[in-house]
Protein chains: 2
Amino acid sequence: MARLVAERHDVIPQLAEIFREQGYEGTSLKIITERTGLGKGSLYHFFPGGKREMAEAVLDDVDGWFRTHIFAPLRETTDAKAAIEAMFASVETYFRSGQRACLMGVIASSGAMDIFSERVQDYFVAWKRDLAATLARAGFAGDEASALAEEVLAGIQGGLILARGLEDTPVFTRVLERVKARCRPPRPQ
Amino acid sequence: MARLVAERHDVIPQLAEIFREQGYEGTSLKIITERTGLGKGSLYHFFPGGKREMAEAVLDDVDGWFRTHIFAPLRETTDAKAAIEAMFASVETYFRSGQRACLMGVIASSGAMDIFSERVQDYFVAWKRDLAATLARAGFAGDEASALAEEVLAGIQGGLILARGLEDTPVFTRVLERVKARCRPPRPQ
DNA sequence: GTCTATAAAGCGATAGAC
DNA sequence: GTCTATCGCTTTATAGAC
């Protein structure tokens, strides 16, 4: 498939999709050249560090997207309950109702975790921290907010695994709905 | 590390551990020879189909273990509540309190899913089916039992992802405890 | 059954023309 | 910026000695 791009910025979403589907080790330069339509010359022009730099750029891009569209809104929306609702809506859309894998989760469950552990860990830590703080603002006790945040993140990651493992994408949305229901605050705010 | 083995049967647990840590694409014959202490000659003697046959053997072994120690007890234990408790205890032990990855989940979130999808899907389908049936026996309505089974499996898989992604193995046990608590039946049986 | 040597293919990466 | 050709290296797999 030929697709013309001319900037490093434009190729990152395509790389992200490939890494999501194939994993880091499963992604070869051959696959990348085929799917992006760019030759190795162009790729190494954009990413002198090669495949590793491509993955780093994609990981940074994903991390940045989540910080902007998920983590910051959790912290900054005054209505905590609405912020949590908005997070679930964004997550459902981002992961295409279960059709799209989580790149951070894919890396975490592969040997490539050794290389990218810092980026992956930062992502999950930030998400857990900001979600737990928002759940606390919504009325959950501190300990319960932290444990519930872990349960929600596990539900999201596990829902994506099940969607692929069962080859049944709607299971992701069903699990997401259930963990969202767990987030209804115990007392009105 | 040198470790002497002489039978195909003996090498499978070692292969399983390697595939769990490195994934399918991330596992090379070099790593396998180093960690098992066997040369390529021995490995191809046991597994003429090479790396792919090694993975198939490991997948079948894992599937068999779960059918014997998790799925069958769920179906056959008369006390449904006790059967579910036993399942959680076995899962906690099998996954070493979060230190060990789930091979089926690792494959499901990699490009190797294309090759092994049938085995992976059968595993998750069987687990979900037998857990849902047991939850129904424990007092949950059919629809709720099915959805709860999905939530539990997602919690297990997601808990394992978080354990690796956060580099915090205890998070697996915490998530497991929470989904176990969700399985307390709504009415006494 | 296990080893070493080796083959054939694919890999990531580089060089240089345009 | 993009291409093609090519370089080493690693990969999976095979052959044959012991």
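Remember, predicted model here, so these are calculated numbers, not experimental data. Lettering follows sequence order; numbering is per chain, from 1.
Of the candidates C/dC11, D/dT2, C/dT2, the closest approach to any side-chain atom of A/F46 belongs to D/dT2. Distances were taken from every side-chain heavy atom of A/L29 (C-beta onward) to each of C/dT2, D/dT2, C/dA13; the shortest belongs to C/dA13.
One can place CG of B/D10 at 15 Å from C1' of C/dT2, the figure rounded to the nearest angstrom. Rounded to an integer number of Å, the gap from CD of B/E25 to P of C/dG12 is 12 Å. Counting to the nearest Å, the P atom of C/dG12 and the CE atom of A/M54 are 9 Å from each other. Per the geometry, CG belonging to B/L43 stands 13 Å off P belonging to D/dT14, to the nearest Å. For the pair B/I32 CD1 and D/dT10 P, the computed distance is 17 Å after rounding to whole Å. Atom NE2 of A/H45 and atom P of D/dT4 are 17 Å apart (whole Å). Between the NZ atom of A/K30 and the C1' atom of C/dA9 there is a distance of 11 Å, given to the nearest Å. Atom CD in A/Q22 sits about 12 Å away from atom P in C/dG12, given to the nearest Å.
Within the 3.5 Å criterion, the main-chain N or O of A/A112 finds a donor-acceptor partner in the side chain of A/E25.
Relative to the ring axis of A/Y24, A/K51 places its NZ or CZ within 45° and under 6.0 Å from the centre.
Residues passing the salt bridge (Lys or Arg N to Asp or Glu O under 4.0 Å) test with A/R129: none are found, sequence neighbours excluded.
With 3.5 Å as the limit, one finds a donor-acceptor pair spanning the side chains of B/E92 and B/S97.
Phosphate proximity of D/dC3 to A/S42: present, with a side-chain N or O under 4.0 Å from OP1 or OP2.
For residues 158-168 of chain A, every residue pair satisfying the side-chain hydrogen bond (donor to acceptor under 3.5 Å, both in side chains) rule, not counting sequence neighbours, is listed here: A/D168-A/R174.
Among all heavy-atom pairs drawn from A/Y94 and A/R100, the shortest one is O-NH1, 3.0 Å.
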Report each atom pair, protein N/O against N/O of nucleotides 14-18 of chain C, whose distance is under 3.5 angstrom.
none

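Between the CZ atom of A/F71 and the OH atom of A/Y123 there is a distance of 5.5 Å, given to the nearest 0.5 Å.
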